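Comments concern the structure below.
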Amino acid sequence: MGLPYTDSVALETLTIRSGSNQLVVTKNSALISYNGQIILLPSPIVREDNRWLAPVEFLTTGLSRMTPIEFRYRSGTSRLFVGNIEAPELEMNAQTLGPITRLTLRSAIPINVGVKREDPTKAILSLNVSPLDPARERIDHRDRLLHSVVFDDSDGDSKIVLDITREVSDLRITPADNNRIFFVDLLRKGEPVTAAPATEAPATTAAKPDSVAPDRRVRVVVIDPGHGGMDSGAKTSAGIEKDLTLALARRLRTVLQMRLGTTVLLTRDADIALDNEARSAVANNNQANLFISLHIGYSGNKMESTSSIFIMKEGFGETVSQTSAGNQLFLPWYLGYRTHRQGSAAAATMLQEELIKQISGWKFAIRTAPLAVLGSATMPSLLFEIGNLNNNVNAQTLADNGFQARLVNTMVDAIQRFSESPQAAAN
Amino acid sequence: MPRHIKIGLIAMGIGLAVAMGFFVNIVGRVQSMMKNDREIEENPFKAPQPLYAPTDPPVAVKLFFPAASGEPLLTAEDEKIFKSGELANRAKQILQKLQEGPHSESMFPSLPKDTKVQDLFISEQGIAFINFSNTVALNHPGGVLNELATVYSIVDSLTYNLPEIKEVKILIGGVEKETLAGHCLLLLPLSMDLSLTNVVPREEKTASLR
Ligand SMILES: [Zn+2]
């Protein structure tokens, strides 16, 4: 780098100068001095065979002060960017969603992703952009289908190597958010995955909004169809909760995509069981601006027909976190809701107002409760419980196409209002 | 046969009979011991410890059941339990009344069919740990509001009537469960929420009387 330096064997120091600035390094010490200011490195600098060996942080926290050259290093990776290199960030996340395993890729810029199954236990995802700056180079994900995810660009091309098990029968890639998000779903042999009906537009082709709000702040919405798989939810001769919630979620996705051009993700698009944490994790991992969990109600009273919009109960879990986790640096998972409680309340109010205005003959109340699916969601989030499956008239109405369309359009009106409100800007 | 051999055989016979008798007796004794053991084991089930003494005075309680009208979610029914010395026994009496269901026509039962309380323990911090049988989840018909009614019928009935109980932690089938029917988080102990009921908190009531 052409900087003058003095290597003093007697003093066991190395002094680097640049203009009036001076950086002093001492053998076997993790402390370096920059103009008299002490900087601590994660490990000591050693001298071996007349060479100085320093941890990589020496470049980013020490030497970078002496030169205009930019050093970019992310701990946990084996990559160092020197100079002004345009390397878009790439995030990789793996999660177990009931019977499937989902790897979510998020890129700072639009990319293309191709998949090749090299052998039964290895699949390669090729990315058409290089260089990329992966936030993590390796994910060890232990589940039945996926063992590890490794980013590799040693030959100049960006690739992700998946160490998978023979049980994986198919890898399905779904792009979203104009090719900035990719879901790589690992499916198991013989897993009945009911695909979305062909009449509904998939996420990629739906970006033809007929009215884009001038100031659209809700870009990503995650919809959670309640229950699934072994867990049917409420069940009567008139209907099953898990099927109704999935049908409504798919409709809501289509209308949101068509009308607002929103990126919509479902926590499940098949009849699979998911635990509540996995559901809110889909919203958290995809940085959703709004999370809506859909449920159908059940009352012992066959005449009852109340619907409820739930937000997380205020103050829930706070006393526990004060006593047992008082000095924790991080929020306990069940307190995630606190970050956007105001936004959640605003979204609930708008949804209630639109529903009362447009769906006559039904009651819509806002309630608070300690709900498992909302506790750890870190964005405005609500749970909408619709009707009473034990009320025959309600159950018939809920299954009606016309009613479903009206209900979903009303929800999209409310989401549009929320999207243009200052409360949505807080995320 | 020589006489001394005859005598010998008879003596052996008597000895054998005595030995057999002794053996049979031992077997019988062992059998009766085992029977006793089994009876001792079964005893607590046959005659459960009474939850109150005949001398314990009756005390008025409010039990919270789902309102048929749906609004508020829970309404109170006035009942009586006996003021036993043991706090846990008073709590068990309240849960027993909840299991029996409401007398009023305008209320619904809050606990699913065949729900049993298997254990109850109250910690020093005032947290009541209740272990319900699996049936509380298996027989629950579902619904968020409906699940909330079941959970807070238990939590409010205990915390309102027994102020020593600050929080309630529900266990199902001996283990900690995330939820009862898929919605209401049970991983943390729950405290009283009278906003779901038609009853005002005790402090507010005394304040308004003053
Ligand atoms: Zn539900």
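All values derive from a computational prediction rather than experimental measurement. Letters go in sequence order (proteins before strands), and every chain restarts at 1.
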NZ (K235(A)) with more than 12 external heavy atoms under 6.0 Å: no
Atom pair CZ (R367(A)) and OG (S195(B)), whose distance is rounded to the nearest 0.5 Å: 10.0 Å
Largest heavy-atom contact set with chain B, pairs under 4.5 Å, which of G297(A), S293(A), G300(A): G300(A)
Best-contacting candidate, L383(A), L389(A), N301(A), against chain B by heavy atom pairs under 4.5 angstrom: N301(A)
Exam field: side chain N146(B) to backbone S299(A), donor-acceptor pair closer than 3.5 Å: no
All pairs passing salt bridge (charged side-chain N to carboxylate O under 4.0 Å, His left out) where residues 105-132 of chain B contributes a residue, at least two apart: none
Side chain / backbone / both / neither for D231(A) at chain B, heavy atoms under 4.5 Å: neither
Value rounded to 0.5 Å, distance of CG in L371(A) from CD in E147(B): 8.0 Å
Residues R279(A) and E178(B) bridged, charged N to O under 4.0 Å: no
Over all atoms of both residues, closest heavy-atom pair of A234(A) and G143(B): CB-N, 4.5 Å
Minimal non-hydrogen separation, L148(B) against T368(A), with atom names: CD2-O, 4.5 Å
Largest heavy-atom contact set with chain A, pairs under 4.5 Å, which of L190(B), L196(B), L145(B): L145(B)
Flag if over 12 foreign heavy atoms under 6.0 Å of CD, Q342(A): no
Over all atoms of both residues, closest heavy-atom pair of N276(A) and G182(B): ND2-O, 3.3 Å
Within 6.0 angstrom of Y52(B) OH, more than 12 heavy atoms from elsewhere: no
Within 6.0 Å of CD in E164(B), more than 12 heavy atoms from elsewhere: yes
Max heavy-atom pair count under 4.5 Å with chain A, selected residue of C184(B), G142(B), P141(B): P141(B)
Heavy-atom proximity to chain B below 4.5 Å, by part of L374(A): neither
Candidate pair H227(A) and H183(B), rule side chain to side chain contact (heavy atoms under 4.5 Å, CB included), full reasoning: CA-CA 10 Å; H227(A) 310 278; H183(B) 317 101; 3.1 Å; yes
